[in-house]
A.B. asks: 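Below is a structure I'd like to ask you about.
Order of the sequence lines fixes the chain letters, A, B, ..., with proteins taken first and strands second; residue numbering starts at 1 for each chain. Values below: every heavy atom of this structure, side chains too, minus hydrogens, waters and symmetry copies. This structure is a prediction, so every number in the text was calculated from the model and none was measured.
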Amino acid sequence: MSTKYTIRDYDYKKPTWCPGCGDFTILNVLKKVFATMGLPPHEVVVVSGIGCGSKLPHYIRVNGFHTIHGRALPIAMGLKIARPDLTVISIGGDGDTFGIGAGHFANVPRSNIGIVHLAQNNGVFGLTTGQPSPTAPKGFRGNIYRPFQPIPVALSAGATFVARTWTGNPNHMEYVIKEAIKHVQEGYGFAFVDIIQYCITYNPVIFGEPFITYYKKREYDLQKDPNYDPSDITMAYKMAYVDGDKFPIGIFYRDTSQKALEVEFGLVNDPPALRPREARDVREILDKYK
Amino acid sequence: MSTKYTIRDYDYKKPTWCPGCGDFTILNVLKKVFATMGLPPHEVVVVSGIGCGSKLPHYIRVNGFHTIHGRALPIAMGLKIARPDLTVISIGGDGDTFGIGAGHFANVPRSNIGIVHLAQNNGVFGLTTGQPSPTAPKGFRGNIYRPFQPIPVALSAGATFVARTWTGNPNHMEYVIKEAIKHVQEGYGFAFVDIIQYCITYNPVIFGEPFITYYKKREYDLQKDPNYDPSDITMAYKMAYVDGDKFPIGIFYRDTSQKALEVEFGLVNDPPALRPREARDVREILDKYK
Amino acid sequence: MVGMRRFRGISWMIGGAAGLGINTVAELLSKALVREGFYVFANIEYESLIRGGHSYYRVRYDTRPLNSHVDYVDVLLALDDPSLVGDGGEHSDGHVHELHEGSVVIFDRESSRVEDEVFEELESRGIYVYDVPMTRIVREAAAGGKVNLVVRNMVGFGVSTYVLGLDKDLVESVIRERFAKKEAVAEANVKLHDLGYRYAMENFRDGRRIILDPPPTKEETLIATGNHMAAAGAVRAGLRVWAQYPMTPASRIYRYLEEVKDKYGIFLVQPESELAVINIAIGAAFAGARAGVATSGGGFALMTEALGLAGIAEVPIVVIVASRPGPSTGLPTRQEQGDLRQVLHASQGYYPKAVILPGDPYEVFFDVANAFNIAWKYQMPVIVNYDKHIAESFYTFPYPDQDMYVYEDAKWVSEDELKSIREAGDNYKRFKVTEDGISPLMDLGTEDLVIWSTGNEHNEYGDITERADERVVQMDKRYRKIETFKRELEERFNYYMPVKVYGEPDAEIAIVGWGSTKGVILDLLELLSEDGVNAKFVQIRFAYPFPTEAVKSALEGAKLKVIVENNFDGLMEGLIRENALIEMDQSIRKYDGRPFSLEYLYDRFISLLKEVRVVG
Amino acid sequence: MVGMRRFRGISWMIGGAAGLGINTVAELLSKALVREGFYVFANIEYESLIRGGHSYYRVRYDTRPLNSHVDYVDVLLALDDPSLVGDGGEHSDGHVHELHEGSVVIFDRESSRVEDEVFEELESRGIYVYDVPMTRIVREAAAGGKVNLVVRNMVGFGVSTYVLGLDKDLVESVIRERFAKKEAVAEANVKLHDLGYRYAMENFRDGRRIILDPPPTKEETLIATGNHMAAAGAVRAGLRVWAQYPMTPASRIYRYLEEVKDKYGIFLVQPESELAVINIAIGAAFAGARAGVATSGGGFALMTEALGLAGIAEVPIVVIVASRPGPSTGLPTRQEQGDLRQVLHASQGYYPKAVILPGDPYEVFFDVANAFNIAWKYQMPVIVNYDKHIAESFYTFPYPDQDMYVYEDAKWVSEDELKSIREAGDNYKRFKVTEDGISPLMDLGTEDLVIWSTGNEHNEYGDITERADERVVQMDKRYRKIETFKRELEERFNYYMPVKVYGEPDAEIAIVGWGSTKGVILDLLELLSEDGVNAKFVQIRFAYPFPTEAVKSALEGAKLKVIVENNFDGLMEGLIRENALIEMDQSIRKYDGRPFSLEYLYDRFISLLKEVRVVG
Ligand SMILES: Cc1ncc(C[n+]2csc(CCOP(=O)(O)OP(=O)(O)O)c2C)c(N)n1
Ligand SMILES: Cc1ncc(C[n+]2csc(CCOP(=O)(O)OP(=O)(O)O)c2C)c(N)n1
Ligand code: SF4
Ligand code: SF4
Ligand SMILES: [Mg+2]
Ligand SMILES: [Mg+2]
């Protein structure tokens with residue numbers, strides 16, 4: 001795909017993440033995706049919550065709104081309603097998305113608003129120094145909960161695009177995020193990508209094995225399985241519970257039968273925020289109360 | 001089952017629900033369940049949120065805490081942690097449980113705390129006069145969302161008991177709620193029952209058909225299907241999406257392989273709230289800071 | 001209650017269980033009265049349930065403006081027994097004690113279990129009981145067809161029309177208008193009204209009627225609630241995106257917006273919670289769309305964290321808070337002015353904002369419209385706080401002159417500025433430090449330039465900063481907006497009216513109030529002047545920025561300062577003490593979940609005056 | 001900064017990127033100093049990131065108590081270049097400007113890119129630069145093994161031990177104690193410390209050392225932060241269930257409780273959000289378990305709705321709010337006293353509560369423990385609000401006498417009462433109307449009796465009520481609890497100490513403060529008295545109920561009233577105005593996200609005094 005943008009066009013501040021943090025990979029892949037898809041920086045908005053990963057908007061030269069813990073999704077939704085002509089990416093940590101933001105994660109997809117949500121799923125609360133996140137295994141630093149299941153919850157919440165990737169495989173991540181953006185661009189609605197993200201500081205080891213080798217050994221690309229049909233939600237659920245020796249990545253589910261909210265309600269060609277800024281004549285309303 | 005309690009032992013105030021409301025059925029079934037299971041009124045606690053259905057604790061002579069919108073689940077969880085020896089039922093409307101309370105609905109089950117949550121799922125916000133609830137169909141009174149899917153979300157959230165019943169079949173409801181309570185009593189943890197509830201005032205008609213006949217025609221009892229295996233989560237997901245001609249009710253899923261939180265952490269025989277109420281000697285803590 | 005003091009105008013009431021259609025009749029009657037040229041004040045008391053219980057709706061009207069209700073009833077349309085004699089106090093104590101000699105009761109005795117003695121006693125008190133077989137009339141009218149007994153309200157309405165001597169044709173046209181979309185329903189209702197009217201005419205020809213002549217000239221007025229005018233005001237101000245989660249008494253704003261959303265191009269969303277509501281609005285406003293939300297105190301509690309985000313990220317957001325009695329769920333359908341401090345101090349830290357306190361629906365219209373101007377001009381959250389009494393009561397007020405609201409836009413970055421940013425290879429400064437504290441906005445999608453924003457403390461570009469000096473610079477910048485706004489408030493005092501003074505400016509008695517007590521205090525003022533008591537009313541309309549100087553000068557010289565608040569804690573009294581260091585001499589508070597009636601306030605005020613005079 | 005004023009004691013600082021282990025060294029050094037008998041005040045500035053950036057930790061100590069930090073540095077252990085010369089301001093401006101003639105810098109020049117001129121300039125200012133090849137020493141010590149350069153902090157520590165003339169054995173024992181669980185780690189650290197010490201001894205034998213003799217007698221003291229003492233206080237008070245969602249600067253309380261939860265039988269839960277946190281605690285407290293939570297302002301915002309529930313349903317809940325600068329995420333790891341009004345006015349409506357404002361960790365211990373007593377005795381939420389400066393700074397204070405806290409239980413319904421309820425066939429009245437406003441509690445599961453409770457207004461039994469009279473009865477009952485509590489506060493003034501006065505009670509100058517400014521104001525007082533200025537310090541320790549009379553009498557007669565607040569808005573000043581109608585003469589505010597240092601406050605105070613005296 002030829003484009004007038006290069007990765008460097010998206011460069012901004014130097015990240016303050018720990019050296020080696022998987023968030024660097026996500027940042028770099030995002031820049032690459034935007035560049036190769038030819039998305040002008042000023043036509044992209046990244047909305048994030050609060051956490052290590054949520055600082056990402058400060059490190060990339062697209063529009064960025066770094067908001068509060070757990071609220072990236074509804075803010076991105078409001079933004080997309082007002083400016084459906086822009087590419088809107090919502091991003092947040094696993095605490096952000098699945099814990100404090102779970103009420104939105106379980107409901108925003110039902111609107112089928114055309115945004116891509118990326119979860120930086122590192123199994124910990126990075127920024128508050130390593131407490132267990134919702135996806136942490138039971139027992140991890142005193143965690144009394146069983147882990148949150150991002151893929152099944154996303155499916156059950158009605159996301160029309162559900163995928164998983166990880167920071168050890170940037171090419172795969174690039175592929176998946178591109179597909180997610182395309183899903184939205186094509187007007188099919190809400191896309192979710194669970195990104196298993198390396199936290200070098202607080203969660204470098206999974207079941208006694210280094211994070212990187214653990215997943216490298218087990219990653220299993222659904223799109224390489226000729227029998228895998230991402231339009232079959234039951235299959236998606238089934239695969240979502242596969243873990244252990246095989247760790248499925250790729251597009252679990254893609255439903256192209258539904259319209260995105262902004263398409264269905266005719267917002268795309270008439271963005272509310274771009275309509276004339278002026279007083280309206282409300283005589284018709286007032287007259288009702290005569 | 002013989003018991004020293006009768007339904008009348010659970011009578012209290014007269015409900016203020018609309019005559020004909022399905023909440024009456026839920027109330028009556030609950031009394032019957034408690035009576036036939038021999039649960040002493042003072043050993044049962046019902047915690048509710050806010051809504052028509054959430055007024056239920058005022059109408060039954062067991063301990064009752066009618067709280068705030070969407071928060072029945074965490075309050076019930078705290079209560080059960082402190083008094084794991086009691087039977088704790090959490091109850092709330094569909095707005096309460098799946099909308100404003102969705103963050104808890106998606107996470108409390110992961111704790112596998114031994115409480116039963118009953119959702120009064122009537123497709124509307126009853127108490128605020130009929131706005132669409134999360135389970136309302138798209139288009140219902142201007143609803144822009146596709147409906148929330150209680151069963152898949154409960155499954156994906158990790159509930160170890162997931163069932164559905166409806167107010168038109170009190171016997172079935174009694175069976176299901178009893179099974180849910182037993183699941184908890186046996187120490188298997190969190191149980192969820194989605195109760196399709198008749199709202200005579202705001203949602204009496206489903207797709208042009210009266211609520212009662214609509215479901216009566218379609219109800220399909222999973223426990224009558226010899227091939228249905230409620231320990232198979234994939235089957236449960238599959239059934240959860242069956243709708244239209246056949247409307248499955250019954251126990252979708254039951255996992256008896258996990259311990260309830262209060263069992264795992266040894267609270268049951270030593271309820272925190274019943275331990276001595278006294279000052280503790282903290283010299284050992286203070287000495288660390290010398 | 002014999003010998004109760006009566007005031008001008010007529011006080012009609014309809015009582016009945018929820019679901020009996022008391023709202024419909026009260027609102028139709030009110031509309032008809034206004035069409036005849038009367039001034040109406042109509043307010044409802046209802047329970048938090050859907051069917052049953054006991055609700056009642058008061059309609060008071062006169063030939064001159066009035067702004068309050070009274071506790072006594074001239075004409076009572078009682079649709080069920082509890083409306084008359086109560087039900088032992090569970091839902092109702094009944095309304096017979098509110099009747100006086102000469103009052104009329106419309107009641108269906110044959111459908112009732114009320115004992116005969118009750119009626120004998122009423123008659124002995126000189127009260128006219130008009131026994132109307134409303135149920136039978138409905139049954140007969142249906143003549144074997146499907147009977148919906150709810151519509152007996154219409155029969156009682158017809159009787160009322162007769163007793164009050166209203167123009168029947170006009171009333172019928174109002175009924176037809178209301179049911180315009182369903183002609184059959186309209187005609188059925190007109191017919192029942194007619195049957196009631198005729199029944200009354202035939203049976204009570206010689207009975208008492210309570211008739212007021214309409215005023216000779218008719219001012220152009222509206223009859224509407226605060227919620228109606230909130231919706232109208234938001235539309236007027238160019239609203240684009242509205243998010244709301246239902247909560248009494250704010251819920252209806254959504255419904256009113258729904259009616260007009262297509263015409264005005266407003267996108268409405270009712271998401272999963274108030275957390276979602278406020279954040280959706282913040283997203284939309286960040287994107288450049290005028291966006292607003294409405295809620296009550298409990299929903300507002302869930303919005304507080306995000307308000308702080310709007311504060312520091314300077315997102316223009318309008319939040320309407322329609323209050324009801326707390327704490328917690330409290331009395332969800334009742335009245336209290338209890339959220340003033342909650343809305344003032346929402347969220348950690350502090351940030352520039354405005355908190356406006358309209359005193360009636362007319363003010364709501366302009367205040368809400370202006371809230372959008374203020375929010376956008378100063379890029380900050382603006383809260384408009386009123387209460388159930390304003391939200392859901394019908395007031396009669398002059399047709400607002402739309403043009404008194406002027407759309408004022410945000411400061412947008414100029415093309416020149418954009419050009420020079422581009423040429424310098426610089427980035428857009430979302431939080432540019434300026435003299436007036438206002439950093440020009442830029443549209444998302446502006447060629448080659450991007451916006452960064454954050455809830456963290458930041459530098460001019462919107463990058464996170466942890467520097468002490470940059471923190472101070474941005475904090476000062478943010479608060480310079482308030483200084484700028486304060487200057488505007490002074491310069492355009494007569495536009496915003498942060499404080500209004502009614503009555504003699506140099507009266508010795510100053511009655512201070514805010515929000516919904518305005519109506520009853522205005523009516524009290526009239527009574528006092530009749531009594532020869534010279535008092536003025538100081539209405540405080542801004543809680544933030546607090547109009548300290550205006551309040552001081554309004555209270556200067558007053559020998560007796562009395563504050564009237566519909567709450568327990570004296571929230572405005574505290575604000576005045578804090579800001580102006582002025583102590584009130586007396587406070588009249590009411591916290592039983594009900595608004596002040598005129599006689600209640602009058603009585604308390606008079607006994608207070610007596611006390612003070614005895615002591616003083 | 002030549003000629004900067006110096007105060008008593010020694011000021012040591014360690015600076016470096018996050019991850020370089022500056023906390024470990026500062027805390028070990030502090031502990032060693034306290035073991036020697038010194039009084040230490042140690043506070044950290046760090047960024048909201050995990051690795052990199054620039055943090056610095058100040059340790060100030062003396063032979064007499066001290067409670068504040070100073071801006072100048074006597075000994076600087078700079079672990080990286082930014083700690084010395086900054087990085088252009090992105091994270092650091094460097095600390096060379098905080099050094100003075102005679103200061104010592106410990107630095108590893110061969111691992112540095114700092115230019116020679118810097119050192120020349122330092123030397124010309126009379127500053128001693130001790131060049132220690134910390135990295136090389138670590139490498140050599142590892143001798144080909146795996147090298148973790150982080151541990152060069154220990155080498156610098158060893159040099160510090162030498163320069164400060166501390167008892168090396170004692171320091172080593174403190175290191176061993178810290179790493180007691182991993183002997184190899186302990187020994188490695190001791191070794192590096194030793195290498196640093198030896199290097200210094202060998203190379204700077206004739207150089208400057210800054211040595212203070214320990215005091216001859218050693219008081220029994222602790223060195224701990226507010227968060228340490230909050231955890232200890234909660235345990236002391238019989239805590240059973242604790243819920244918390246991490247938020248700086250409250251997060252560590254959870255960790256401290258985790259360390260002791262098994263021993264004391266405390267159930268800890270970190271659920272999905274603060275919404276869950278507070279409601280879990282409410283559930284546990286409703287069930288009869290002492291339960292508490294901790295958070296900062298943003299998490300508190302999410303708790304506000306539930307607090308109202310605890311208010312009306314009279315659930316005893318303890319909420320610790322450790323503040324940081326807002327609005328919104330603001331400066332998440334920094335200092336501000338910005339949440340006073342937020343915690344006071346959380347939730348719709350109003351309800352009885354207590355808001356306690358401890359001024360140091362010692363007070364935190366007793367205030368948190370008493371918060372549980374108050375919460376249970378009065379069945380209401382109690383908020384303990386302090387800030388980052390208290391939460392995370394190490395104070396040295398007398399070993400608390402545990403027995404000064406007495407467990408006081410709630411009022412429980414008596415067996416006799418239960419019997420008579422049963423005999424009457426009645427139900428338990430959860431909200432029984434009593435003279436003192438307190439309705440006796442009953443345990444869930446009490447034979448044959450049940451509890452009803454609700455967030456709606458209710459009657460005595462906990463049934464929903466919509467009656468105006470019952471509303472008033474319950475509102476009055478709830479607020480009678482506050483009257484009862486106010487009486488207790490008066491009667492046991494010396495136990496709760498709602499207001500403390502330090503210095504001459506009849507001094508003409510009154511300095512008013514609250515919370516974490518206590519330390520620096522106490523130290524200011526000492527300086528002023530040396531300067532011959534007679535001043536007193538009025539510490540306000542309760543925000544609600546506000547100790548109006550005590551504040552009034554503490555301020556009576558003061559000719560100059562100065563309030564010191566670490567915020568922009570003067571929140572306590574407003575509270576004093578509102579409650580006591582007292583106007584401060586001057587206010588000293590600081591809102592750059594940093595605490596007051598002693599010289600900063602001293603300078604502002606002195607210049608204010610000069611102004612006032614010139615003017616006055
Ligand atoms: C309401 C609220 N509660 C708590 C916090 C403190 N906090 C900041 S980041 C964070 C968790 C971050 O974890 P996650 O979302 O997984 O992101 P990560 O840092 O791992 O990328 C928390 C609890 C906050 N900022 N706001
Ligand atoms: C925070 C908050 N927001 C809004 C409300 C208003 N409210 C009361 S009940 C209700 C919805 C009830 O719907 P549902 O939960 O489905 O219960 P139902 O009445 O249908 O039984 C709402 C929105 C509230 N009480 N609290
Ligand atoms: S703590 Fe973990 S998630 Fe956060 S920046 Fe460091 S490596 Fe990345
Ligand atoms: S509104 Fe619906 S849910 Fe509520 S009481 Fe009436 S019938 Fe039941
Ligand atoms: Mg994380
Ligand atoms: Mg519902």
A.B. asks: Heavy-atom distance under 4.5 Å to chain B: side chain of A:Leu261, backbone, both or neither?
C.D. replies: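 For A:Leu261, side-chain heavy atoms alone lie under 4.5 Å from chain B.
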A.B. asks: Taking atom types as modelled, which donor-acceptor pairs link chain B and chain A at under 3.5 angstrom?
C.D. replies:
unit_1	atom_1	unit_2	atom_2	d
B:Phe98	O	A:Asn107	ND2	3.0
B:Asn107	ND2	A:Phe98	O	3.0
B:Pro109	O	A:Arg146	NH2	2.7
B:Arg110	O	A:Arg146	N	3.0
B:Arg110	O	A:Arg146	NE	3.2
B:Arg110	NH1	A:Pro134	O	3.2
B:Arg110	NH1	A:Arg146	O	2.8
B:Pro134	O	A:Arg110	NH1	3.1
B:Lys138	NZ	A:Glu264	OE1	2.8
B:Lys138	NZ	A:Glu264	OE2	3.4
B:Arg146	N	A:Arg110	O	3.0
B:Arg146	O	A:Arg110	NH1	2.8
B:Arg146	NE	A:Arg110	O	3.2
B:Arg146	NH1	A:Gln258	OE1	3.1
B:Arg146	NH2	A:Pro109	O	2.7
B:Arg146	NH2	A:Gly158	O	2.9
B:Ser156	OG	A:Ser156	OG	3.0
B:Gly158	O	A:Arg146	NH2	2.8
B:Tyr237	OH	A:Tyr241	OH	2.6
B:Tyr241	OH	A:Tyr237	OH	2.6
B:Gln258	OE1	A:Arg146	NH1	3.1
B:Glu264	OE1	A:Lys138	NZ	2.7
B:Glu264	OE2	A:Lys138	NZ	3.3

A.B. asks: Let me know if B:Pro109 has heavy atoms under 4.5 Å from chain A in its side chain, its backbone, both or neither.
C.D. replies: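 Contact with chain A: backbone only.
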A.B. asks: Which atoms of A:Ile151 come close to chain B, meaning under 4.5 Å heavy atom to heavy atom: side chain ones, backbone ones, both, or neither?
C.D. replies: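 Neither part, no heavy atoms under 4.5 Å.
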